[in-house]
*Asks:* 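Pasting a structure below so you can have a look.
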Amino acid sequence: MKAIRRFTVRPVLPEPLRPLGDLARNLRWSWHTGTRELFEAVDPVGWRTCGADPVRLLGAVSAARLAELAGDRSFLDRLRAAAADLDTYLHGGRWYQDRDGEGAALPAAIGYFSPEFGVTAALPQYSGGLGILAGDHLKAASDLGVPLIGVGLLYRHGYFRQSLSRDGWQQERYPVLDPDELPLTQLREADGTPVRITLALPGHRSLSACVRQAAVGRVPLLLLDSDVEENGPGEREVTDRLYGGGSEHRLLQEMLLGIGGVRAVRAYCRLTGHPTPEVFHTNEGHAGFLGLERIRELMADGAAPDGAAPDGAGGLGFEAALEAVRAGTVFTTHTPVPAGIDRFDRDLIARHFGDDGELPGVPAERVLGLGVETHPGGEPHLFNMAVMGLRLAQRANGVSTLHGAVSREMFAGLWPDFDPDEVPITSITNGVHAPTWTASEITRLGPAQDVPAAGLWEVRRALRERLVGEVRARLHASWRERGAEAAELGWIDGVLDPDVLTIGFARRVPSYKRLTLMLRDRERLTNLLLHPERPVQIVVAGKAHPADDGGKRLVRELVRFADDPRVRHRIVFLPDYGMGMAQKLYPGCDVWLNNPLRPLEACGTSGMKAALNGCLNLSVLDGWWDEWFEPDFGWAIPTADGSNADEDRRDELEAGALYELLEDRIAPRFYDRGEAGVPDRWIEMVRATLVTLGPKVLAGRMVREYVERLYAPAADAHRALDAETATALAAWKYRTRTLWPHVSVDHVEAVAASGAVGGEGGAELGSTLCLRVRVALGELRPEAVEVQAVAGRVGSDDTIDGAQTFPLKPSGGPDLEGRWVYEGPLALDRTGPYGYTVRVLPAHPLLATSADLGLVALPTEATGEGAGVLMR
């Protein structure tokens, strides 16, 4: 018989053991070795059985064992020390407090919104890199003392668990998560009733959610859960699973995340006294609706709730509210391809907003105007969440230097007449949280530069040996799930070898990551795996999206190759890739393989985690590797960029380059042993990885960059926009846009010592031209514009490359025709073909960039003498 309802009966901890409950409820244990070791001491067997989850452990430990521990003086001393250490961690000053004390004027708090968070395997609310990055962001913020509030959704089925059929086809299952068995508490009102967040739906329906809290060190993580009694069956399933359902289901999830998330933050700050966020960070477009809710707050009659309105700016008009919201919003894009962005039919958006849906008082057409693809090349019937994210944020960034450049190209249509380099999207390269991803054996080594080569090699071998044991156990479990009998599986005891060069490849399985590129020449790969003197072994893992049959076919292709009795001891596919597996996989590999289609990997942090453990990277120059690759700590797979029109040819060339690197450079270096049996040149690369690359890939570095380059400027901009200033800025923008058609560049000339210089003229390096420009401003005043010369080397099509800008100043008042003359020097500081142009841009002290309004006036072909200058 099956139970009609399931719930957890928690043990009552004896008084001396009460601190165990506090330690279990704060997820700092997931990256703090001492706390994990304390829980393991409670019940070593139970710790392994419950997947190293303290909440489950305390729910299963016997009362007799608890009584025994309550009388164990040594254990209680350890417990008191761990509790005191956590208290110091939670309440002591850290980097952020030091910077604030130095007068850095940092934000009082930041709201960090993401559709998924990968904090620990015990809270499975992630699918891949985006969620793991968000989890690492919270953990690093906690370590630095950054006052973040994380906001997401609680998915009752999480992301799917993966297994394989007998023939290697991916199968999915969605086990139900019981919030009472997770490290969560409910947010409650002062009278003890659960907080409820409610959204209005069309047809006078509503969507309610409770708020579950996780403590990520110092950072609260608020997760909205729609599985509450007030909802009907459809509404209860809104937060059923991550990235599931059709368009309307996804829209409701994103409305709950963005709009409901802001309301959850307001409730949390009201009930706990936590400072109200001055900055809101949208981690990918899924949470973009948070900006609409903040606009609604500012437009509402009376004071906006909980300090949401700057300086009591309740009752603002839409445009003024938009300016106030943009000033304090940061948007991070994580995708380099349009297909990775959520887009909804505009009619679906219109139905859910306005007087019959959410945000009454905010006209539906204004909502549509923020996200509809009205830019060149866009589809006007679609509402684009990334476009809305960019229009609602004054500051935006990609997640690696290359990805920033790709993003500027991808979204250039939103800023027509600006070069992609000037599109206001910067980049902050992702990082990973070292305490989460670094093996304790590596941490205990101390500074790697001081460790003898033999010591490093011994630790690397021990980690490889531990991985071999982990792989065999997981492979045995996988084959049992595939229907094999235990008697058939004796061969698994010989899978992998702790003395063989081990390559790891683990990630999601979209086509662009090319899971099966290694199979391009199967005979050549087989020879690598079975080489009599320099064999290679490969561990592969990854999930295809449940709706991606193409990805599932790639998984099956890899699995079938790995099932071949000739090679199955040298290559394995492990199903159900997740954080728990990853933390064993990265340290145990010698080489981390990454072969995406360049430039489709936004960052790709798995190689960073491997590097923290002394694993060398072998990757296409994409994402972070394009930025930080050096031959001292890895290898770059050459790309066949000229073969883009022929995917088959490109894959053939790049697979060939991969095999060649493995055969001629990587395997020989690994097996080239010195007199002590140590591969000295290999170990020097390991050392360089730990010493030189390791500090670059840290999430702490990343979060400090967010604070200093984005959060602090956003807080300054937010504080500058009180109600009056926001209203004035909105009026100025409206007037400028209205009058801009009357702005033009009428005449340009360049004067040198010998007189005017024409487009075919020449000039000497080090000389200076005096530019004289006549512009029409219509009804705008000179202080409302900036006139610039833009100069640099030019190509055969006269496009300026590596442009520099030079300000030009007005010379006197307007002439009789109302034109203004601007002048300024142009220093000729480089040789070769050189050119310049001039332009007029809007100017206002509160604009974050000159491209803010997307307006620019350029010369026409008939404008004046000074089309350019050729240098020799």
Side-chain angles (χ1 to χ4, degrees), residues 319 323 374-376 412-424 728-752 755-761 768-792 794 798-800 803-827 834-869:
E319 295 294 343
E323 295 303 327
T374 54
H375 54 277
L414 297 176
W415 289 270
D417 296 323
F418 285 87
D419 289 341
D421 284 349
E422 296 183 294
V423 169
L729 178 61
W732 178 88
K733 284 190 173 184
Y734 176 80
R735 184 172 186 271
T736 301
R737 289 190 179 101
T738 302
L739 298 177
W740 199 256
H742 303 290
V743 176
S744 63
V745 179
D746 288 356
H747 182 77
V748 181
E749 64 182 34
V751 179
V757 179
E760 300 301 323
T768 300
L769 302 180
C770 178
L771 295 184
R772 186 179 176 88
V773 182
R774 191 171 65 180
V775 300
L777 299 182
E779 296 182 28
L780 293 177
R781 298 290 299 169
E783 56 268 23
V785 302
E786 180 179 2
V787 181
Q788 297 176 341
V790 183
V794 294
D798 289 337
T799 298
I800 298 174
Q804 294 177 291
T805 60
F806 303 87
L808 304 178
K809 301 298 182 184
S811 175
D815 62 18
L816 294 176
E817 297 178 346
R819 268 59 171 175
W820 295 80
V821 175
Y822 282 74
E823 294 180 342
L826 176 60
Y834 192 87
Y836 68 85
T837 187
V838 297
R839 64 184 181 183
V840 185
L841 302 165
H844 191 284
L846 292 177
L847 296 184
T849 72
S850 297
D852 194 293
L853 275 73
L855 300 175
V856 60
L858 298 166
T860 64
E861 291 185 6
T863 299
E865 306 170 8
V869 59

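In this chain, numbering begins with 1 at the start of the sequence shown. All values below were derived from every heavy atom in this structure, side-chain atoms included, with hydrogens, water molecules and symmetry-related copies excluded.
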*Asks:* CG/Leu855 to CG/Leu841 distance, rounded to the nearest 0.5 angstrom?
*Replies:* 9.0 Å
*Asks:* Return a table of donor-acceptor pairs under 3.5 angstrom between the side chains of residues 735-743 and protein atoms on other chains or two or more places apart.
*Replies:*
residue : atom : partner : partner atom : Å
Arg735  : NH2  : Glu779  : O            : 3.4
Thr736  : OG1  : Trp732  : O            : 2.8
Thr738  : OG1  : Tyr734  : O            : 2.7

*Asks:* Below 4.5 Å, heavy atoms only, C-beta onward: do Tyr836 and Val748 meet side chain to side chain?
*Replies:* yes
*Asks:* I need the minimum non-hydrogen distance between Asp746 and Ala776, along with the two atoms involved.
*Replies:* OD2-CB, 3.9 Å
*Asks:* Which heavy atom of Leu771 sits nearest a heavy atom of Ala750, and at what distance?
*Replies:* CD2-CB, 3.7 Å
*Asks:* If you look at every heavy atom in Ile800 and Gly835, which pair is closest and at what distance?
*Replies:* CD1-O, 4.1 Å
*Asks:* Between Asp417 and Leu858, which heavy-atom pair has the shortest distance, and what is it?
*Replies:* O-CD1, 4.3 Å
*Asks:* Inspect the contact between Glu323 and Lys733 and indicate whether a charged nitrogen and a carboxylate oxygen are less than 4.0 angstrom apart.
*Replies:* yes
*Asks:* Using only atom types and a distance under 3.5 Å, with no angle test, would you say the side chain of Asp815 pairs donor to acceptor with the backbone of Glu817?
*Replies:* yes
*Asks:* Enumerate donor-acceptor pairs with a distance under 3.5 Å from any side-chain N or O in residues 842-851 to protein atoms, sequence neighbours excluded.
*Replies:*
residue : atom : partner : partner atom : Å
His844  : ND1  : Leu846  : N            : 3.1
Thr849  : OG1  : Ala851  : N            : 3.3
Thr849  : OG1  : Asp852  : N            : 3.3

*Asks:* Where do Glu422 and Phe418 come nearest, in terms of heavy atoms and distance?
*Replies:* OE1-CD2, 3.9 Å
*Asks:* To the nearest 0.5 Å, what is the distance between CZ (Arg774) and CD (Glu823)?
*Replies:* 13.0 Å
*Asks:* Nearest 0.5 Å please: distance from the CG atom of Leu808 over to the CZ atom of Arg772.
*Replies:* 12.0 Å
*Asks:* Taking all atoms of both residues into account, what is the closest heavy-atom pair of Val773 and Val838, and its distance?
*Replies:* CG2-CG1, 3.8 Å
*Asks:* Report yes if some heavy atom in the side chain of Arg781 is under 4.5 Å from a heavy atom in the side chain of Trp820; otherwise report no.
*Replies:* yes
